[in-house]
Structures are given as C-alpha cells and as structure tokens.
There are 2 protein chains.
Amino acid sequence: MRRAHHVGGDRRVRRTRAALSEAILSLLLERPYETITIQEIAERADLNRATFYLHYGSKEELLLAALEEQFDSLVAEGPSASPEQPIWGIEEDIQQTLDYVAEHAALYKVLLSERGTAYLMNRIVDYIAAHSESELRASLPPGAPTVAPLPLIARHFAGSFFALLVWWIQNDMPQPAAEMAEVIKNLCVGGLRWGIGLDQS
Amino acid sequence: MRRAHHVGGDRRVRRTRAALSEAILSLLLERPYETITIQEIAERADLNRATFYLHYGSKEELLLAALEEQFDSLVAEGPSASPEQPIWGIEEDIQQTLDYVAEHAALYKVLLSERGTAYLMNRIVDYIAAHSESELRASLPPGAPTVAPLPLIARHFAGSFFALLVWWIQNDMPQPAAEMAEVIKNLCVGGLRWGIGLDQS
DNA sequence: CAGATAATAGACACTGTGTTGATTATTCGT
DNA sequence: ACGAATAATCAACACAGTGTCTATTATCTG
C-alpha cells in the first residue's frame with residue numbers, strides 16, 4: 001500500500017524544490033521580480049542559501065521551473081479531448097481555463113503583467129494553437145478550402161483567446177467566468193468557424 | 001532657419017540619453033537582459049557610469065524609456081487615419097506595421113521573445129485595440145447589434161493580429177511582409193467584419 | 001562672453017552572488 | 001532496522017556590480 005514511492009527521486013529534493021517554487025511565487029505576489037533576491041527566496045523557503053545552488057543556477061532558472069509547474073497544473077485541468085464534436089470541444093477548454101485562472105487570479109495577474117508574460121504567453125499560445133490545430137485538422141475534410149493555412153488559423157484563434165484572457169484578468173475580471181466564457185466562445189470560436197468556412201453554409 | 005532648437009532641452013542631455021538607449025538595445029541584440037550591467041551600458045555608450053545615474057535610476061527605467069521611443073517610432077509610421085473607408089483603413093496599418101517590423105527584424109525578435117514582451121505586448125495590443133475600436137465605432141450605426149461588446153471585439157482583433165505578428169517574427173519571417181499582410185487581413189479583418197455582423201449581409 | 005548645468009573621475013560602503021570544505025541530518029534499498 | 005549514499009547546513013571567502021558623493025572639467029544657452 002505504500003505508494004508515492006519513486007515519484008521523482010529523493011523526498012528531500014522534492015520538498016526542497018517545492019518550497020523554493022512556492023517561495024518565489026509568494027514573493028512575486030508581493031513585489032517585482034527584479035527586487036527579489038536569492039537570499040530572500042531561501043529565507044522564505046526556510047532553507048540555506050547554499051541549498052538553492054544545489055538545485056538551480058539562478059533565480060531565472062527557478063522561476064522557469066516554477067512557471068512550468070504552474071502551466072502543467074493549468075493544463076492538467078484542461079483538454080478533456082472532446083469525443084466527436086470537434087471544434088466544440090474547444091468550448092469546454094475555454095470554460096475550464098477561465099475557471100482555473102479565476103481560482104488563481106492573484107497569481108496570474110502578476111504573472112501576466114510582469115515577468116512571466118513572455119514565457120507564459122509563448123507557452124499558453126503555443127499550447128492552445130497546437131491543441132486547436134489538431135482539433136481543426138480532425139474536423140475538416142482533408143482538402144477543404146480555408147481562409148488561411150491551418151497553423152495560422154490556429155494561431156489566430158489562440159492569440160485572440162489569450163488577449164481576451166489577459167484583458168479579463170488585468171481588468172480584475174469584471175464579468176463572472178461563465179459570462180466571459182460566453183463572449184470568448186462567441187468571438188473566438190465564431191471566428192474560428194468562419195476561418196475554416198463553416199459559416200458560409 | 002536654425003531649427004531643432006529646444007526640441008527637448010540641453011543638447012548634451014539628448015545626446016547622452018540617445019547614446020544610452022542605443023547602447024542597451026545593441027547589447028540586447030547580443031545577450032539576455034539579465035546579464036547586461038549598467039557598467040557595460042555606460043561603457044558602450046562611452047559615458048561615465050555616474051552619468052547614467054544622472055538620467056535613470058535603474059536599468060529597468062532606461063529599458064522602458066528605450067522601448068517607449070521604439071514604440072513611438074513604430075506608431076509614427078502608423079495610422080494614416082483612413083478617410084471614409086473605416087475598417088479598411090486598418091488594412092493599411094497592418095501593411096505598414098509589418099513593413100516597419102521587417103526592417104527592424106533583429107531587434108523585434110529579441111524584444112518580443114525576451115524581456116520586452118510584457119511591456120511591448122501590452123503597449124501594442126492596447127494601441128491596436130484602441131485604434132481599431134475607434135474605427136469600429138465610427139463605422140457602425142449607433143445601435144447596431146454586434147456579436148460582443150465593442151471593446152472586446154477590438155481586443156479580439158488586436159490579440160490575433162499580435163499573435164500572428166509574433167509568430168511571423170519568431171519564425172524568421174517565412175513569408176514576405178506583403179504575403180503575411182494578406183493572410184492577416186484575411187483572418188483578422190475578416191474576423192472583425194464577421195464580429196460586427198458585416199458578413200451576414 | 002559669462003553663468004548655468006552636464007559630464008567626468010575616483011573613491012566609498014554596501015549588498016548580493018557564487019563557491020568551498022567540513023559537518024550534520026535524512027532517506028532509500030535491502 | 002541498518003548502513004551507505006546523498007541532501008542540507010553552516011561559516012567563510014573573493015568578487016562583481018550598485019548607488020552615492022565630492023571636486024573638477026567641459027559644454028551648452030541666452
């Protein structure tokens with residue numbers, strides 16, 4: 001019955017890394033990235049400063065690792081891979097993403113407005129684009145004509161979704177998640193269907 | 001006839017600041033922001049380090065100033081404010097923006113992929129959104145029904161435009177600017193017209 | 001030209017970094 | 001439950017870069 005063995009090596013390592021990630025993210029909620037020192041991170045994680053260097057070479061490295069975890073847990077909620085309703089499976093993802101982000105509003109507001117944007121944006125937009133492109137590909141007859149190449153349509157969709165997401169977060173989520181999801185569905189998925197010519201029928 | 005007087009105070013100040021901006025941007029082309037020191041910036045600008053502090057309080061401050069100039073010169077090329085062809089004036093902007101970015105490809109590749117993204121993205125997306133929103137407003141009958149609130153449609157447009165722009169730059173501009181502009185026009189402006197119901201006719 | 005102001009040069013204390021070697025504590029496999 | 005392996009601690013180190021200062025020189029503006 002004793003599981004959770006070998007989940008990723010030494011238990012001490014896992015605990016230490018988790019503490020460091022948590023420390024930097026919690027510091028990020030309080031003040032800008034540049035002003036945060038490795039000393040403070042170690043301090044807040046209740047670890048010796050030398051221990052930090054046992055795991056990461058720089059603040060940057062730790063941040064990327066922490067963001068990666070963050071992204072993974074966002075995606076984990078994510079794409080339940082719709083059955084036979086191709087494009088419309090995306091709508092579920094939109095709803096789930098908004099719900100997830102709303103739960104972690106404070107953190108995402110910081111991540112998106114400051115340091116993390118470059119990384120998170122690339123990561124999220126890439127992910128959404130890849131995800132929606134494969135859905136698109138599956139839902140289209142092979143040689144069907146589209147307004148533009150599929151990867152660009154996917155990017156178009158991902159970009160507008162992300163922009164609306166950022167707007168929503170940075171404006172302190174003026175609408176409830178469900179309502180915003182509706183708007184995004186209308187605009188993005190509508191635009192998507194238009195992009196692949198489904199609206200011409 | 002002696003103009004260019006009083007363009008912004010002391011000539012020395014203008015020269016110094018310009019040198020600093022140029023220095024940080026050129027360093028940014030060579031290596032990541034974090035590794036650049038104020039010492040080096042001053043050195044490359046051929047200025048005493050103390051002079052730096054006479055003008056900026058930190059590296060960050062200088063970078064923001066430099067980005068602001070960069071953004072201004074991008075916008076300067078920009079919106080020739082279409083006469084009576086509302087939405088279609090946007091098409092010109094798209095073309096001009098791509099041309100401008102293509103000219104400064106190396107710099108923008110760095111700015112968009114690294115440090116600058118957060119700032120530039122907010123700045124550019126805000127600008128495009130505001131610009132397109134006012135064009136939209138002008139081109140629509142007051143009470144006309146739309147798919148979503150105007151500001152969100154504008155954001156949707158700006159986001160997808162920006163995402164495609166980033167994709168294009170980061171993939172080393174696989175298509176010529178003109179061709180990419182066509183794609184963007186098709187997708188974004190098409191989506192925009194669809195968004196405000198012009199496609200239902 | 002003269003007064004004002006910007007830039008320089010060198011020095012200063014200070015903060016945070018990255019590394020080291022010796023020591024202690026925890027964990028994992030058997 | 002034991003013992004070998006290895007992670008974490010602690011104190012100390014040289015070092016790089018920061019931010020500030022004062023006195024001096026160079027340059028601009030009216």
ask   = CG of A:Asn48 versus P of C:dA25: gap in Å, rounded?
value = 14 Å
ask   = With a 4.5 Å limit on heavy-atom distance, are the side chains of A:Trp168 and A:Ile184 in contact?
value = no
task = Check if the side chain of A:Arg12 and the base of C:dT26 share a donor-acceptor pair of N or O atoms closer than 3.5 Å.
result = yes
note = In whole angstroms, the gap separating C1' of D:dA8 from CZ of A:Arg14 amounts to 16 Å
remark   = Here the distance between atom P of D:dA4 and atom CG of A:Asp10, to the nearest Å, is 18 Å
inquiry  = If you only use heavy atoms from C-beta on, which nucleotide in C:dA9, C:dA7, C:dT27 is closest to the side chain of A:Arg11?
reply    = C:dT27
ask   = Does a sphere of radius 6.0 Å around CD in A:Gln95 hold more than 12 heavy atoms from other residues, nucleotides or ligands, not counting ones at 6.0 Å or beyond?
value = yes
request  = Applying side chain to side chain contact (heavy atoms under 4.5 Å, CB included), name anything that partners B:His55, two or more places apart in sequence or on another chain.
outcome  = B:Val13, B:Thr16, B:Arg17, B:Thr51
query = Looking at C:dT17, D:dA8, C:dT27, which one has an atom nearest to any side-chain atom of A:Ile38?
reply = C:dT17
message = From the set D:dA12, C:dT26, C:dG16, return the single nucleotide nearest to any side-chain atom of A:Thr37.
response = C:dG16
task = Would you tell me if any nitrogen or oxygen in the side chain of A:Thr51 comes within less than 4.0 Å of OP1 or OP2 on D:dT9?
result = yes
message = I need the CG-C1' distance between B:Leu47 and D:dT27, as an integer number of Å.
response = 14 Å
query = Does a nitrogen or oxygen in the side chain of B:Arg15 sit under 4.0 Å from OP1 or OP2 of C:dA6?
reply = no
request  = Between B:Ile36 and A:Asp46, name the one whose nearest nucleotide on DNA chain D is closer to the 5' end.
outcome  = A:Asp46
request  = Using the closest heavy atom to pick a nucleotide of DNA chain C for each, name whichever of B:Ala50 or B:Val13 lands nearer the 5' end.
outcome  = B:Val13
ask   = Between D:dT18 atom C1' and A:Glu34 atom CD, what is the distance in whole Å?
value = 15 Å
query = Reckon B:His55 has a side-chain N or O less than 4.0 Å from the OP1 or OP2 of C:dA7?
reply = yes
query = Given atom OH of B:Tyr53 and atom P of D:dT18, what is their separation to the nearest angstrom?
reply = 5 Å
key: Short side-chain donor-acceptor distance under 3.5 Å, B:Glu60 and B:Tyr33   = yes
ask   = C:dA6 C1' sits how many Å from B:Leu20 CG, rounded?
value = 13 Å
ask   = Under 4.0 Å between a Lys/Arg side-chain N and an Asp/Glu carboxylate O for A:Lys59 and B:Glu34?
value = no
query = Has A:Thr16 got a side-chain N or O lying under 4.0 Å from the OP1 or OP2 atom of D:dA7?
reply = no
Value in whole Å for how far the C1' atom of D:dG19 lies from CD1 of B:Ile41 = 15 Å
